[in-house]
Amino acid sequence: MKKLHWLVRFLFGPVPVYFSALAILIVLTNAQYFGLVGVGVAPRAAKLASSTPVVSVMKYCDIFRGEWVPDAEAPYYNHKTCHMIQEHQNCLKYGRPDLGFLRWRWRPSGCELPRFDPLQFLQFVRGKSLAFVGDSLARNHMQSLLCLLSQVAYPKDLSANPSDQNKVYHYRAYNFTISMFWSPFLVRAREPDHDGPAHTGHWSLYLDEADDKWVSQISRFDYVLVSAANWFSRPSLFYEKRRLIGCSFCSRQYGVPDLTLYYSQRRAWRVALRAINELEHLRGRVIVRMLSPMSHFENGTWDHGGNCRRTQPLRANQTTMEGRDLHFYTAQMEEFRAAEKAASEKRRRLMLMDATAAMLMRPDGHPSRYGHWPNEKVQLYNDCIHWCLPGPIDIWNDMLFQMLLA
């Protein structure tokens with residue numbers, strides 16, 4: 001009896017109960033790190049294929065002006081339910097501790113923006129094709145779409161080279177294809193020859209030649225989404241008619257003026273949009289996405305300790321577009337309006353995804369340092385350019401579906 005009494009006290013006495021409760025508390029409060037739970041994903045299976053008709057609100061509402069409002073239902077996927085997230089944007093996998101940035105949705109000033117319904121989207125695009133043209137933010141956008149669609153179906157990767165930046169994904173059940181054309185400058189470009197005799201470290205941009213890798217392909221697509229911005233910030237040499245005419249972030253060694261990055265950005269957009277308008281057999285709808293903010297670094301520039309540690313959105317009256325963002329935005333808008341006019345004369349339709357204002361309010365949505373494990377020896381700056389997945393960028397696909405419906 002004494003042994004039994006001692007055993008009961010050992011198992012159920014106040015000390016073991018205390019330590020058991022403490023252990024359970026530690027596990028539960030750190031569950032996401034133990035892999036026991038993740039960010040909750042809203043159960044949407046019962047809500048898919050709703051009887052609500054698929055219509056666009058763009059006929060009576062500017063979906064690009066509004067505010068971010070709390071959303072208890074988000075997110076709709078996470079790093080465990082979608083395996084198509086670029087590692088450097090996989091913020092949940094790499095332990096971002098504040099998760100409130102996921103619980104917001106975009107509300108336009110004059111209407112409610114319908115939530116992205118992956119089943120309705122796939123049914124709408126059945127038998128069609130969509131191309132993304134641009135840089136790593138275009139890829140960021142594409143992967144957001146792939147993850148939203150993963151609630152319904154996964155595509156087959158038909159890319160010629162799995163390690164290549166150009167991608168092809170096919171949804172067999174819907175005969176729907178998504179492609180990615182890597183072209184960060186939209187014009188023909190040559191990478192820096194670091195081992196060459198000049199050791200310049202400058203890109204060579206041919207600002208009067210649109211990049212044929214995408215221009216020659218987009219006529220066969222039903223929808224084409226074109227974007228480009230932050231790569232123009234790289235040191236570059238500018239060529240027109242195959243002659244060096246200027247540069248950006250350069251010294252006098254080339255004997256040409258520093259025309260600045262603003263020259264190359266405007267010229268590239270002008271040439272790219274002109275090339276689109278000159279395509280004879282363009283059958284699809286072309287959407288131009290305005291720039292994603294490059295100004296969310298605080299307490300330093302991107303290469304001098306700048307970071308983005310905010311945990312919730314700003315309101316519209318707390319943001320101002322200025323500096324490089326404003327220069328790029330103004331030039332891109334002016335070039336788009338000119339191209340839009342030229343397209344209308346050919347009875348073609350260019351569309352504008354003006355998501356810049358919405359994203360300017362989301363300095364909380366970037367990976368910062370949560371694109372790798374803290375103990376990894378990697379040479380990466382704090383990322384305040386790309387967007388966490390899931391995250392604010394998912395709203396681009398709410399907007400995209402509305403534009404396809406319009």
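Source: prediction; values computed, not measured. As a basis for the values below, the full set of heavy atoms in this structure was taken, side chains included, without hydrogen atoms, waters or symmetry mates.
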Answer yes or no: is there a side-chain heavy-atom contact under 4.5 Å between [X] and [Y]?
| X | Y | result |
| --- | --- | --- |
| Met290 | Met353 | no |
| Leu102 | Asp71 | no |
| Leu244 | Tyr254 | yes |
| Asp164 | Trp182 | no |
| Leu130 | Leu400 | yes |
| Leu389 | Asn90 | no |
| Gln89 | Asp383 | yes |

Please check this pair: side chain of [X] against backbone of [Y], looking for a donor-acceptor N/O pair closer than 3.5 Å.
| X | Y | answer |
| --- | --- | --- |
| Asn299 | Gly306 | no |
| Trp104 | Gly100 | yes |
| Gln151 | Leu148 | yes |
| Asp394 | Gly391 | yes |
| Asn161 | Ser163 | yes |
| Lys167 | Pro162 | yes |
| Ser56 | Met58 | yes |
| Thr330 | His327 | no |
| Ser216 | Asp212 | yes |
| Ser204 | Leu237 | no |

Mind running side chain to side chain contact (heavy atoms under 4.5 Å, CB included) on Ile393 and Asn140 for me, showing each step along the way? CA-CA 8 Å; Ile393 194 176; Asn140 205 179; 3.6 Å; yes
Would you check if the distance from the ring center of [X] to the ring center of [Y] is below 6.0 Å?
| X | Y | result |
| --- | --- | --- |
| Trp231 | Trp203 | yes |
| Tyr154 | His83 | yes |
| Phe116 | Phe121 | yes |
| Phe221 | Phe181 | yes |
| Tyr262 | Phe328 | yes |
| His386 | His88 | no |

Report the C-alpha separation of Met351 and Val286 in whole Å, then their side-chain angles, then the decisive distance to 0.1 Å, and conclude whether the side chain to side chain contact (heavy atoms under 4.5 Å, CB included) test is met. CA-CA 6 Å; Met351 299 187 73; Val286 177; over 6 Å; no
Roughly how far, to the nearest 0.5 Å, is [atom2] of [Y] from [atom1] of [X]?
| X | Y | atom1 | atom2 | value |
| --- | --- | --- | --- | --- |
| Arg309 | Ser368 | CZ | OG | 6.5 Å |
| Thr319 | Leu360 | OG1 | CG | 4.5 Å |
| His296 | Arg362 | NE2 | CZ | 9.5 Å |
| Trp106 | Ile395 | CH2 | CD1 | 8.5 Å |
| Trp214 | Met180 | CH2 | CE | 12.0 Å |
| Thr177 | Tyr171 | OG1 | OH | 10.5 Å |

Verdict with supporting geometry, Phe297 and Ile385, side chain to side chain contact (heavy atoms under 4.5 Å, CB included): CA-CA 9 Å; Phe297 291 93; Ile385 296 292; 3.9 Å; yes
Arg337/Glu334 ion pair, N-O < 4.0 Å: no
Identify whether the distance between the nearest side-chain nitrogen and carboxylate oxygen of Arg242 and Glu209 falls below 4.0 Å. yes
Please tell me whether [X] and [Y] have a donor and an acceptor in their side chains that are separated by less than 3.5 angstrom.
| X | Y | value |
| --- | --- | --- |
| Ser233 | Arg324 | yes |
| Asp354 | Tyr329 | yes |
| Glu322 | Thr320 | no |
| Ser144 | Asn397 | yes |
| Trp387 | Ser292 | yes |

Minimum heavy-atom separation for [X] and [Y], please, with both atom names.
| X | Y | value |
| --- | --- | --- |
| Ala72 | Arg103 | O-NH1, 3.8 Å |
| Leu137 | Asp135 | N-OD1, 3.0 Å |
| Cys91 | Pro367 | SG-CA, 3.5 Å |
| Ala210 | Ala275 | CB-CB, 3.7 Å |
| Leu273 | Glu335 | CD1-O, 3.6 Å |
| Glu340 | Leu350 | N-CD1, 3.9 Å |

Once side chain to side chain donor-acceptor pair (under 3.5 Å) is applied, what residue pairs with a partner in residues 277-291 remain, sequence neighbours excluded? Asp222-Arg283, Ser227-Arg289
Kindly assign one of parallel, tilted or perpendicular to the pair His141 and Phe132, based on the angle between their ring planes and the thresholds 30° and 60°. perpendicular
Should the pair Arg369 and Tyr94 be classed as cation-pi, given the thresholds of under 6.0 Å to the six-membered ring centre and 45° from the axis? no
Surrounding CZ of Arg65 (heavy atoms of other residues, nucleotides or ligands, distance under 6.0 Å), is the total greater than 12? yes
Lys346 NZ: over 12 foreign heavy atoms closer than 6.0 Å: yes
Could you give me the CA-CA distance, side-chain angles and deciding distance for Arg96 and Asp98, then say whether salt bridge (Lys or Arg N to Asp or Glu O under 4.0 Å) is met? CA-CA 6 Å; Arg96 177 166 172 170; Asp98 62 297; 2.8 Å; yes
Walk me through it: do Tyr174 and Phe124 pass the test ring-ring contact (aromatic ring centres under 6.0 Å, His included)? CA-CA 9 Å; Tyr174 299 90; Phe124 179 81; over 10 Å; no
So among Arg315, Arg105, Arg107, which one has a salt bridge (Lys or Arg N to Asp or Glu O under 4.0 Å) with Glu67? Arg315
Report the C-alpha distance between Phe101 and Cys388 in whole Å, list the side-chain angles of each, state the deciding distance to 0.1 Å, and finish with yes or no for side chain to side chain contact (heavy atoms under 4.5 Å, CB included). CA-CA 10 Å; Phe101 77 99; Cys388 292; 3.8 Å; yes
Let me see the working for Glu298 and Arg310 under salt bridge (Lys or Arg N to Asp or Glu O under 4.0 Å), right down to the final yes or no. CA-CA 10 Å; Glu298 295 185 282; Arg310 293 180 182 262; 2.9 Å; yes
